[in-house]
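The structure appears right after this line, and notes come after that.
If you read the sequence from its start, that first residue is 1, and numbering goes on from there. When reading the values below, keep in mind they use all heavy atoms of this one structure, side chains included, and skip hydrogens, waters and symmetry mates.
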Amino acid sequence: MQALIHALHALGMDEFRLDETQSYHCIFAVSGEELMLTLNVEEQSHTVFLSVTTSASMKHECDKAFFMAFSRQAMEPFRGGVGVGVFPESEEISVYNAFSYIENDSDEILALISNVVEKAYEWQMRLIEPAS
């Protein structure tokens, strides 16, 4: 768990504390864009379930290129990558990954979290792009 705490501190999340459901939530900005980070910790399996959710909502209509990119990213967990989806009753995109907090050191965890944040930021930018 220490490696996870060190990685979060490196990202400026000094107030890291799990709530009664073993979850942590925070809103942070990347290049002025707000994103919601959620961590769920499963202590028995030493697994962190990470999602970063955009603040912009899905477009009511999307073009084929957007749909294909979304669908391809949604399949990435089957290849060990970062997934994307939409939680029930939500219109915001969530990018997610799961990792072990004991099999990875703080630098590896920092890289894993940073990758999910970067992907969420990319989706945020796609959502706020004007329609072409």
* Asked: Of the non-hydrogen atoms in A69 and W123, which two are nearest, and what is the gap between them?
  -> C-CH2, 3.7 Å
* Asked: Is E42 atom CD crowded by more than 12 heavy atoms from other residues, nucleotides or ligands, each under 6.0 Å away?
  -> yes
* E76 side chain near R72 side chain, heavy-atom distance below 4.5 Å -> no
* To do: Count the heavy atoms of every other residue, nucleotide or ligand shown that sit under 6.0 Å from CD of Q22, and state whether that count exceeds 12.
  => yes
* **E129 bridged to R126 by N-O distance under 4.0 Å** => no
* Asked: Would you find a donor on one side and an acceptor on the other, under 3.5 Å apart, between the side chain of S90 and the backbone of V86?
  -> no
* CD1-CG distance between I27 and L37, expressed to the nearest 0.5 angstrom -> 10.5 Å
* Asked: Among all residues two or more places apart in sequence or in another chain, which pass the ring pair (Phe, Tyr, Trp, His ring centres under 6.0 Å) test with F16?
  -> Y24
* Asked: Between OG of S23 and CZ of F49, what distance do you get to the nearest 0.5 Å?
  -> 11.0 Å
* Asked: Who are the side chain to side chain contact (heavy atoms under 4.5 Å, CB included) partners of N97, not counting sequence neighbours?
  -> V82, L112, V116
* **Shared hydrophobic cluster for I102 and L39 (ILVMFWY, side-chain gaps under 4.5 Å)** => yes
* Ignoring hydrogens and geometry, is there a side-chain-to-backbone donor-acceptor pair from N104 to S100 under 3.5 Å? -> yes
* Asked: Can you find a heavy atom in the side chain of L127 that is under 4.5 Å from one in the side chain of S55?
  -> no
* Asked: With a 3.5 Å cut-off and no angle check, do the side chains of E92 and S57 form a donor-acceptor pair?
  -> yes
* Asked: Between Q124 (side chain) and A56 (backbone), is there a donor-acceptor pair under 3.5 Å?
  -> yes
* Asked: Closest approach of Y96 and A74, non-hydrogen atoms and distance?
  -> OH-O, 4.1 Å
* Structure fact -> Tightest non-hydrogen contact, residues L35 and V117, listed as CD1-O, 4.2 Å
* Asked: Would you say M36 and M125 are hydrophobically clustered, going by side-chain heavy atoms of ILVMFWY under 4.5 Å?
  -> no
* So, do M75 and F78 sit near enough that their side-chain heavy atoms are less than 4.5 Å apart? -> yes
* Joint cluster assignment, F28 & V48, ILVMFWY side-chain distance < 4.5 Å -> yes
* **Residues H25 and T38: side-chain donor-acceptor under 3.5 angstrom** => yes
* Asked: Where is the tightest heavy-atom contact between V52 and A120, given as atom of each residue plus distance?
  -> CG1-CB, 3.4 Å
* **From E103 atom CD to I109 atom CD1, the distance as rounded to the nearest 0.5 Å** => 10.5 Å
* Would you confirm whether T47, through its side chain, and S45, through its main-chain N or O, come within 3.5 Å as a donor-acceptor pair? => yes
* To do: For F66 and M58, work out which heavy atoms get closest and say how close.
  => CE2-CE, 4.0 Å
* Tell me, with the steps shown, if E33 and I128 meet side-chain contact (heavy atoms from CB on, under 4.5 Å). => CA-CA 10 Å; E33 296 297 322; I128 62 175; 3.7 Å; yes
* Asked: Do M1 and H46 have side chains that get closer than 4.5 Å, going by heavy atoms?
  -> no
* Structure fact -> Rounded to the nearest 0.5 angstrom, the CD-CE distance for Q73 and M68 is 13.0 Å
* Asked: Has F67 got more than 12 heavy atoms of other residues, nucleotides or ligands less than 6.0 Å from its CZ?
  -> no
* Asked: CD of E91 to OG1 of T54: how many Å apart, nearest 0.5 Å?
  -> 10.5 Å
* same_hphob_cluster(F87, F70) at 4.5 Å side-chain heavy-atom cutoff -> no
* Rounded distance [0.5 Å steps], CZ in R17 versus CD1 in I5 -> 10.0 Å
* Asked: Hey, does the side chain of S94 reach the backbone of S51 with a donor-acceptor pair shorter than 3.5 angstrom?
  -> no
* Asked: Where do S106 and A3 come nearest, in terms of heavy atoms and distance?
  -> CB-O, 3.3 Å
